[in-house]
Enquirer: 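The structure is given below, and queries will be raised subsequently.
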There are 2 protein chains.
Amino acid sequence: MQQKTSVTIRDVAQAAGCSVATASRVLNKSGPASAEVRERVERAARDLDFSFSSIGRALQSRRSMTIGCLVPSLANPVFAEAVQGVQSELKDSGYQLLISCSNYDETADNAAIETLMSKDADGLIATMVAPDRSAALRQAQQRGTPVSLMFHDPIEGFTTAYVDNFEAAREVARQFVRLGHRRIGFLALRFSTSDRSRNRYAGFCAECRARGLPDPVLIEIGEAEASRPDSLAAILNDHPTLTAIFASNDFLAIAVHKAARLLGRRVPQDLSVAGFDGIEIGRLLEAPLATIETSPEAMGRQAARSLLEAMQGQVPIQPPALPFHFRAGATLAAPNPE
Amino acid sequence: MQQKTSVTIRDVAQAAGCSVATASRVLNKSGPASAEVRERVERAARDLDFSFSSIGRALQSRRSMTIGCLVPSLANPVFAEAVQGVQSELKDSGYQLLISCSNYDETADNAAIETLMSKDADGLIATMVAPDRSAALRQAQQRGTPVSLMFHDPIEGFTTAYVDNFEAAREVARQFVRLGHRRIGFLALRFSTSDRSRNRYAGFCAECRARGLPDPVLIEIGEAEASRPDSLAAILNDHPTLTAIFASNDFLAIAVHKAARLLGRRVPQDLSVAGFDGIEIGRLLEAPLATIETSPEAMGRQAARSLLEAMQGQVPIQPPALPFHFRAGATLAAPNPE
DNA sequence: TTGTAGGCGTTATCAG
DNA sequence: CTGATAACGCCTACAA
């Protein structure tokens, strides 16, 4: 039952009555072989149901044909979609995807990179808490392993697939200001471990300032509050004068809407809300969510493409930021004149 | 710059002035060694920043310490969460996760299994279009590779982590009937490639029948209709007499709600809607979605646990179905008496 | 306690 | 055109 010993190229050679070298040449079409022996080898391989051991190959070729991918979490659809993008782009490249999640923990981040490297990944695609100060990442790169980032703004020495969070947030600010909002909040989850969130806030502030407004209030919350509407409502209640809130992602924006409802505040009449990411459900809501539309899947694809190029020895060039798009929605309107 | 040649155990041995055998024994704590030489080896390893080549190890131990995971798509949060569950459960097991997506294609399914096997995965976790008739899967198993399924109902020969779709759907039917619905529809996406969907429909029908109702109308749609509310509305329009619809997943249920709105039909007064999965956003909606709550993450965890057990040589035992829970919501009410 | 040697599956080199 | 043979990095009898 248990075919414990798998069939190796040696078995094929033996069955075909030739040397392993010849069998290898035939099977790989990597060298000359008489039609006759070729035939014998191919048949033997078929009969024995032979397939190469990628481990044996890896050992001798020093390439594992494996790519390591690190993301904070697959429970976040944004990252899941990005990985899906990576996956599709790698589909026919012969590379397999090794994945790892850090749960937004910087230590786990570094450990994961090291593990991936110890598995001899030929390349790395990562989204981390702090790629710029990750020793493990630098080290991987210095060892000659190509690295490609996702979601992060460009960092010296790495190529990255990203959308310009700063600019996108400015666009949101523009929309808010245009409608007449002046008391504005920015709601952030995991502000300290997400450069995306920080860049969005920075851009948001920059544009507000440019329009002569004070910096928007930064409201940081934790996992707990994010998933508990009543907690979120309590927090919202601490900022009763705000007329508009920019949430650092769509899920949060929807949660804010829910919390507002709990407080009896109507969206958008009493409170405007905008999100970030452009998840599809947003447009199916009773009040379609105003948001910044992005394509995580495209990010994954681009990261994979950059990595493949680098692995082919091409000198890495940083592609431009991926496009984003402000999607209007019913959660955003002019503030209620009191 | 390019540390092309990585440091091997041979280098360590040399630096420590001993044989590789001794170095191996020390580094693996797998045999005797004098305190002195142990010290030298450990220091050398540290100085040289040595780490084992998992490929070398895999070749000699015939274990890759890698687990292959196949899911239809990571763009579906249900599967993404399941993989996240697998991932967390594997965290400290020393195994790495190799992932692959089939995009709901049966051919790709088999190809993926073969690829995963050719990568010498030590175990397989899969959700497929048709695991019961997958030659590749059987073959993997016959080769002695432990296999664990996710989301599928138990199949002879495999252990699976699942929720009882049939029973869960019966529960939904019960709720519908209890409220007085008699003209009921089941909306399915990818009915032909999803045994989950089919089992849900079967259970749904069974319970309706048991209550003396005719089989619910089966409404099959494609990707296109699912993501286009107006198309979905058109389809809904073809079934004007239905008073309640059970959608095969939450996303679809939310889409139905949207489509109903487009048609000027109020939910739940004119049309009741229930979903399946229990995604978190469902409870944040203006009309919280009635649904069957499940935990994909738990499914992933359980599949991983079963697999680990099997890989430790334990005889596989099929764990019981994971629990589900009917979550009441505002999308479900008694039908409007005309 | 330590070292030598063989082998895991593959490919590349180099003679025949 | 073909076949030894030597790596690749590691582990483990078996000897010393």
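Here is how names work: the chains are called A, B, and so on, in the same order as the sequence lines, proteins then strands, and each is numbered from 1. Reckoned from all heavy atoms, side chains included, excluding hydrogens, waters and symmetry mates.
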Enquirer: Mind checking what makes ring-ring contact (aromatic ring centres under 6.0 Å, His included) contact with A:F79, not counting sequence neighbours?
Expert: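 A:F79 satisfies ring-ring contact (aromatic ring centres under 6.0 Å, His included) with A:F151 once adjacent residues are dropped.
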
Enquirer: Which letters describe nucleotides 3-16 of chain C, given B = protein heavy atom under 4.0 Å from base, S = only from sugar-phosphate, - = neither?
Expert: BB--BBBBBBB---

Enquirer: Can you check the A:R38 CZ to D:dG3 C1' distance for me, whole Å?
Expert: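 The distance from CZ of A:R38 to C1' of D:dG3 comes to 16 Å, rounded to the nearest Å.
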
Enquirer: Go through the steps for B:R40 and B:V37 under the test side chain to side chain contact (heavy atoms under 4.5 Å, CB included), then give the verdict.
Expert: CA-CA 5 Å; B:R40 287 211 310 271; B:V37 69; 3.8 Å; yes

Enquirer: Are the charged groups of B:E42 and B:R46 less than 4.0 angstrom apart, N to O?
Expert: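 A salt bridge is absent here (no side-chain N lies under 4.0 Å from a carboxylate O).
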
Enquirer: Do you know the tightest heavy-atom contact between B:L116 and B:G68?
Expert: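 In terms of heavy atoms, the two residues are closest at CG-CA, 3.8 Å.
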
Enquirer: Mind calculating the distance between CE (B:M65) and P (D:dC10) to the nearest angstrom?
Expert: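 So the CE-P distance, B:M65 to D:dC10, works out to 16 Å.
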
Enquirer: Just the rounded figure in Å: distance from C1' of D:dC10 to CG of A:D120.
Expert: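 These atoms are roughly 12 Å apart.
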
Enquirer: With sequence neighbours excluded, what pairs up with A:N110 under the side-chain contact (heavy atoms from CB on, under 4.5 Å) test?
Expert: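 A:N110 satisfies side-chain contact (heavy atoms from CB on, under 4.5 Å) with A:E106, A:S134, A:A136 only.
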
